Amino acid sequence: MTTIAQQLAEIKVIPVIAIDRAEDIIPLGKALAGNGLPAAEITFRSDAAAEAIRLLREAQPDMLIGAGTVLNRDQAIAAKQAGATFVVSPGFNPNTVNACREIGIDIVPGVNNPSAVEAAIEMGLTTLKFFPAEASGGINMLKSLLGPYTQIQFMPTGGISTKNVNDYLAIDRVIACGGTWMVDKALINEGHWDEIGRLAREAADLVK
């Protein structure tokens, strides 16, 4: 069975989506999957998140669908029930990690310092989100964290763009990056699916 880390590594760029209207996820998912980015991290920053995950799972059953900004047990359960493959959290919360373990869904928690990395390792987690990547010191900080912790791998998110995505991906044990530039909220709200598709294709080609 393919691990979540292997699935992330195959796609390399994971669109991080904040969505106001759940139904927008259907044309959005089509624009992403049809242009080489068959993945979505739908964030629980809006009330539409769980419904959007459910609709996308129905419309694109083969897509890699994550639930982002998951802050507690209830959101983890809602994500799993809606059809998410994995959960992403901004920070490292042992309660959320335990909840995901109990319901049987992978979690990629956010860390940006040695203490959080060690707390994650203590719970047996080795695939972590480096967040907020650029604000936390970017590539230099990431390399510093990878040095002593040889068992971990990272998905940097936060401040990633076309300008620096390949610099991050060039680092050993960086498996993928989360990004919002191809799923800008204004483009979604205005229904610019062709432009989102173009940006998705550009991102997919960039990291090949």
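As the structure is a prediction and not an experimental result, all values here were calculated from the model. For reference, positions follow the sequence shown, starting with 1.
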Margin query: So Val183 and Leu32, do their side chains get closer than 4.5 Å, heavy atoms only?
Written below: yes

Check: Just wondering, more than 12 heavy atoms not from Asp194 lying within 6.0 Å of its CG?
Finding: no

Next item on the list: Apply side-chain contact (heavy atoms from CB on, under 4.5 Å) to the pair Asn113 and Val117, showing each step before the final yes or no.
Entry: CA-CA 6 Å; Asn113 63 74; Val117 172; over 6 Å; no

Checklist line | Heavy-atom neighbours of Glu10 CD exceed 12 at 6.0 Å | finding: no

Checklist line | Stepwise side-chain contact (heavy atoms from CB on, under 4.5 Å) check, Val108 with Val87 | finding: CA-CA 6 Å; Val108 182; Val87 157; over 6 Å; no

Margin query: Nearest 0.5 Å, please: how far is CD1 in Ile196 from NZ in Lys30?
Written below: 14.0 Å

Item checked: Pairing residues for Asn140 by the side-chain hydrogen bond (donor to acceptor under 3.5 Å, both in side chains) criterion, not counting sequence neighbours -> none

Check: If every non-hydrogen atom of Trp181 is compared with every non-hydrogen atom of Ile160, which pair is closest and at what distance?
Finding: CE3-O, 3.3 Å

Next item on the list: Take Ile4 and Ile107 through the test side-chain contact (heavy atoms from CB on, under 4.5 Å) and record every step on the way to the result.
Entry: CA-CA 9 Å; Ile4 195 64; Ile107 181 168; over 6 Å; no

Item checked: Heavy-atom pair of closest approach, residues Ala200 and Ala31 -> CB-O, 4.3 Å

Check: Would Leu206 and Leu8 show up in the same hydrophobic cluster when neighbours are defined by side-chain heavy atoms closer than 4.5 Å?
Finding: yes

Next item on the list: Return yes if some donor-acceptor pair links the side-chain N/O of Asn164 with the main-chain N/O of Gly159 below 3.5 Å, else return no.
Entry: yes

Next item on the list: Measure across Asn112 and Ser136 and return the closest heavy-atom pair with its distance rounded to 0.1 Å.
Entry: ND2-OG, 3.0 Å

Item checked: Heavy-atom pair of closest approach, residues Tyr149 and Arg173 -> O-NH1, 2.8 Å

Check: Side-chain donor-acceptor pair under 3.5 Å between Thr85 and Arg57, yes or no?
Finding: yes

Item checked: Beyond-backbone contact of Met63 with Leu56, side-chain heavy atoms, under 4.5 angstrom -> yes

Checklist line | Connected via hydrophobic side-chain network under 4.5 Å: Phe131 and Ile42 | finding: no

Item checked: Reported CD-to-CG distance for the pair Glu23 and Leu28, which is rounded to 0.5 angstrom -> 12.0 Å

Check: Looking at side-chain heavy atoms only, is the closest gap between Cys177 and Leu169 below 4.5 Å?
Finding: yes

Notebook entry, point to check: Looking at residues at least two apart in the chain, or sitting in another chain, which of them share a side-chain hydrogen bond (donor to acceptor under 3.5 Å, both in side chains) with Lys185?
Noted result: Asp20

Item checked: Closest non-hydrogen atom pair between Ile14 and Ala176, with its separation -> CG1-CB, 4.3 Å

Item checked: Cys100 versus Ala76, closest heavy-atom pair with distance -> SG-CB, 3.9 Å

Notebook entry, point to check: Taking C-beta and beyond as the side chain, do Arg101 and Leu125 meet within less than 4.5 Å on heavy atoms?
Noted result: yes

Item checked: Side chain to side chain, Ile105 and Ile77, heavy atoms closer than 4.5 Å -> no

Note to self: Could you measure the distance from the CH2 atom of Trp193 to the CD1 atom of Ile26? Nearest 0.5 Å is fine.
What the structure shows: 10.0 Å

Note to self: Under the side chain to side chain contact (heavy atoms under 4.5 Å, CB included) test against Val16, which residue among Arg45, Met182, Glu41 passes?
What the structure shows: Glu41

Check: Are Leu64 and Phe86 side-chain neighbours, meaning at least one heavy-atom pair lies under 4.5 Å?
Finding: yes

Next item on the list: Could you check Ile175, Leu145, Thr127 and say which one makes a side chain to side chain contact (heavy atoms under 4.5 Å, CB included) with Phe154?
Entry: Leu145

Check: For the atom pair CD (Gln60) and CD (Glu58), what is the distance rounded to the nearest 0.5 Å?
Finding: 12.0 Å

Item checked: Beyond-backbone contact of Ile171 with Lys143, side-chain heavy atoms, under 4.5 angstrom -> yes

Notebook entry, point to check: Can you tell me if CD on Gln151 sees more than 12 non-hydrogen neighbours from other groups inside 6.0 Å?
Noted result: yes

Item checked: Euclidean distance, Glu134 CD relative to Thr157 OG1, rounded to 0.5 Å -> 11.5 Å

Margin query: Is there a path of hydrophobic side-chain contacts, each under 4.5 Å between heavy atoms, that joins Leu71 and Val88?
Written below: no

Notebook entry, point to check: Could you walk me through whether Arg198 and Glu202 pass the side-chain contact (heavy atoms from CB on, under 4.5 Å) check?
Noted result: CA-CA 6 Å; Arg198 185 190 70 76; Glu202 181 185 76; 3.7 Å; yes

Notebook entry, point to check: So do the side chains of Ile17 and Thr43 get within less than 4.5 Å of each other, counting heavy atoms only?
Noted result: no

Next item on the list: Output all residues satisfying salt bridge (Lys or Arg N to Asp or Glu O under 4.0 Å) with Asp205, sequence neighbours left out; order by chain, then residue number.
Entry: Arg201, Lys208

Margin query: Determine whether a donor-acceptor pair (N or O, by modelled atom type, separation under 3.5 Å) exists between the side chain of Ser89 and the backbone of Val70.
Written below: no

Margin query: Using 0.5 Å steps for rounding, measure from the CD atom of Glu190 to the CG atom of Asp24.
Written below: 11.5 Å

Notebook entry, point to check: Do the side chain of Gln6 and the main chain of Thr3 share a donor and acceptor less than 3.5 angstrom apart?
Noted result: yes

